[in-house]
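Right, one structure below, let's go through it.
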Amino acid sequence: MILCLLFSAGQAIAQPAEVLDPGSVVQSFNNARIIIGDGTVVERGSILIRAGIILAVGPASSMNLPAGAVSYDLDGQTVIPALVNTHAHLGWEAYGDWGSQFFTEENLTDHLYRHAYYGVGTIISTGSDKEDIASRVKLEQQKGNIGGARYHLSPGMGSPGGGPNPRFTDDPNYWGVNPVGDPEQAARTVRDLATKGYGIVKIWVDSRDQRRGSEVKLAPEIYSAVLNTASNYDMRIIAHATTLSDHKSLVDVGARRFIHMPYDTEVDDEYLAMVRANNVFIVPTLGMITKRESYYIPAFQDSFFYGQVPVSVLENLNKNYDPPPVNQDAAAVQRSTMLASNLLKLKDHIILGTDAGAVGDFFGYSDHVELALFVRMGMTPMEAVVAATSRAAQAFGLTDVGSLQAGKAADFVILDANPLNDINNTRQISAVYLRGQAVDREGLKTRWVLED
Ligand SMILES: [Zn+2]
């Protein structure tokens, strides 16, 4: 029953697009500030779209509208590309509960809509998706039966006993890690995953849980075999690693994408040179590591979140909340300063990823928290937007999304205020368009709030 509601929610388009033949009618969004996603802006611009694809973007004054085009005046508003989130864990979160038993087609689909509601157009779920269910949802989305954020899933590899945090692996029904104990097995696993059509694969290099033994860290000869074999395929590896020495060793053998920055120490010139020379992409997931900061605002106290969930969820979050200390100790302050310094040194390589769905961060909402943290830690709002759009797409070869240019998908967010003035204005969402169709945000919100 809920599944049917979900599907209809995706098709209930609030805009006139619904009654038009989307295959032929041109829609024109005029007079907006258009943040392209690549670092440039068109003031008083127009976006022309047809059949879910951008036909043209440019100054409104120079745009020729074909006869029969449907126009919308966005005077005073700003358009940004729909966000691209490269690190989350879909399916386990149940808004009030959590676990593998919630990984159903219905819940997974709901999470795609949660992202869409908040303006996230593309989501990569990393190393925790149940393959059969995930594949069905992905296929249904490709057929157009499910809307929401574009769903990409990435299987994982780790040493036997390694993998994600214990919250996942303590679940007796956890899946998602292909254990690889030696280079041959690693190479074989990469080939198998490539044969199955996977273009994104995660590896956990860190030791995550000492209870599972001392050999849980992925050995260099194994990740080397992974990266080597993957280079024969159209496959992008993203490595979970948190120390500077692991990052260097991984870049040395071909790693180009990381989940997490080096957290253990200040990054040095050698590392920065490697990152620049090899165009490395880094997902810092700051939201996850700043929860102990005094400025942290829990979701249940934030109207951008609490309007979208039932009261019971807020009550639970409130009850279980463990507030950060008002005064940080010296070590914590030093660590924050070091993280901000690393982020700024790496700012031209940073991409958006939230880890939402793994550690109590919520889908779509946490993307905006992360954007604000980028800026809080010293990036400009424009740098933050680029990190969350074109660069994130580029990191994974997602050529159809991430920027507002002719030929790309018509995935964009209309804002009532300019995020270049204040990054928190990404929260001033007037409408979200994915595949050229408006997301029924009101319908989704109404259903979520009542879902008790
Ligand atoms: Zn994660």
Side-chain angles (χ1 to χ4, degrees), residues 83-94 98-100 102-103 107-108 111-112 114-115 120 122-131 134 149 151-159 161-171 173-179 198 200-209 212 216-218 223 226 236-243 246-247 250 255 257-263 281-291 299 339 350-367 369-371 373-374 387-388 392 395-396:
L83 306 180
V84 176
N85 181 333
T86 65
H87 175 206
H89 299 274
L90 305 194
W92 296 63
E93 180 65 57
W98 192 90
S100 63
F102 300 108
F103 200 99
N107 202 33
L108 192 50
H111 295 168
L112 299 175
R114 300 249 178 198
H115 280 100
V120 181
T122 300
I123 181 76
I124 302 177
S125 190
T126 52
S128 50
D129 300 71
K130 195 168 188 177
E131 192 170 30
Y151 177 40
H152 296 270
L153 66 150
S154 114
M157 272 185 268
S159 56
N165 74 53
R167 200 174 179 213
F168 285 102
T169 50
D170 283 351
D171 188 312
N173 296 312
Y174 173 71
W175 54 86
V177 179
N178 294 279
Y198 289 110
I200 305 171
V201 171
K202 176 174 182 175
I203 55 173
W204 282 271
V205 174
D206 271 1
S207 146
R208 300 298 297 280
D209 183 359
R212 299 199 296 261
V216 290
K217 200 158 171 169
L218 198 65
Y223 60 65
V226 167
R236 289 164 180 84
I237 303 292
I238 183 159
H240 173 117
T242 56
T243 70
D246 282 343
H247 271 238
L250 280 151
R257 287 156 219 88
F258 288 96
I259 286 179
H260 303 300
M261 301 188 291
Y263 295 151
F281 299 96
I282 297 170
V283 188
T285 53
L286 299 171
M288 192 197 77
I289 56 180
T290 49
K291 286 217 173 64
L339 288 176
I350 293 297
I351 59 175
L352 175 68
T354 56
D355 214 5
V359 286
D361 288 311
F362 295 102
F363 301 122
Y365 166 78
S366 57
D367 297 70
V369 172
E370 189 76 9
L371 275 169
L373 283 167
F374 286 168
F396 290 93

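Counting starts at 1 for both ligands and their atoms, in listed order. By convention here, the first residue in the shown sequence is residue 1.
Partners of T243 under the side chain to side chain contact (heavy atoms under 4.5 Å, CB included) rule, at least two apart in sequence or in another chain, are S245, D246, D264.
Using modelled atom types and a 3.5 Å distance limit, the side chains of D171 and S100 yield a donor-acceptor pair. Between the side chains of T354 and D361, no donor-acceptor pair is found at a separation under 3.5 Å.
Here the side chain of H89 pairs no donor or acceptor atom with the backbone of G357 at under 3.5 angstrom. No donor-acceptor pair closer than 3.5 Å links the side chain of D129 to the backbone N or O of E131.
Counting only heavy atoms from C-beta outward, the side chains of Y151 and L90 approach each other to under 4.5 Å.
Around the Zn ion (ligand 1), the protein N, O or S atoms closer than 2.8 Å are H87 NE2, H89 NE2, D355 OD1, listed by chain and residue number.
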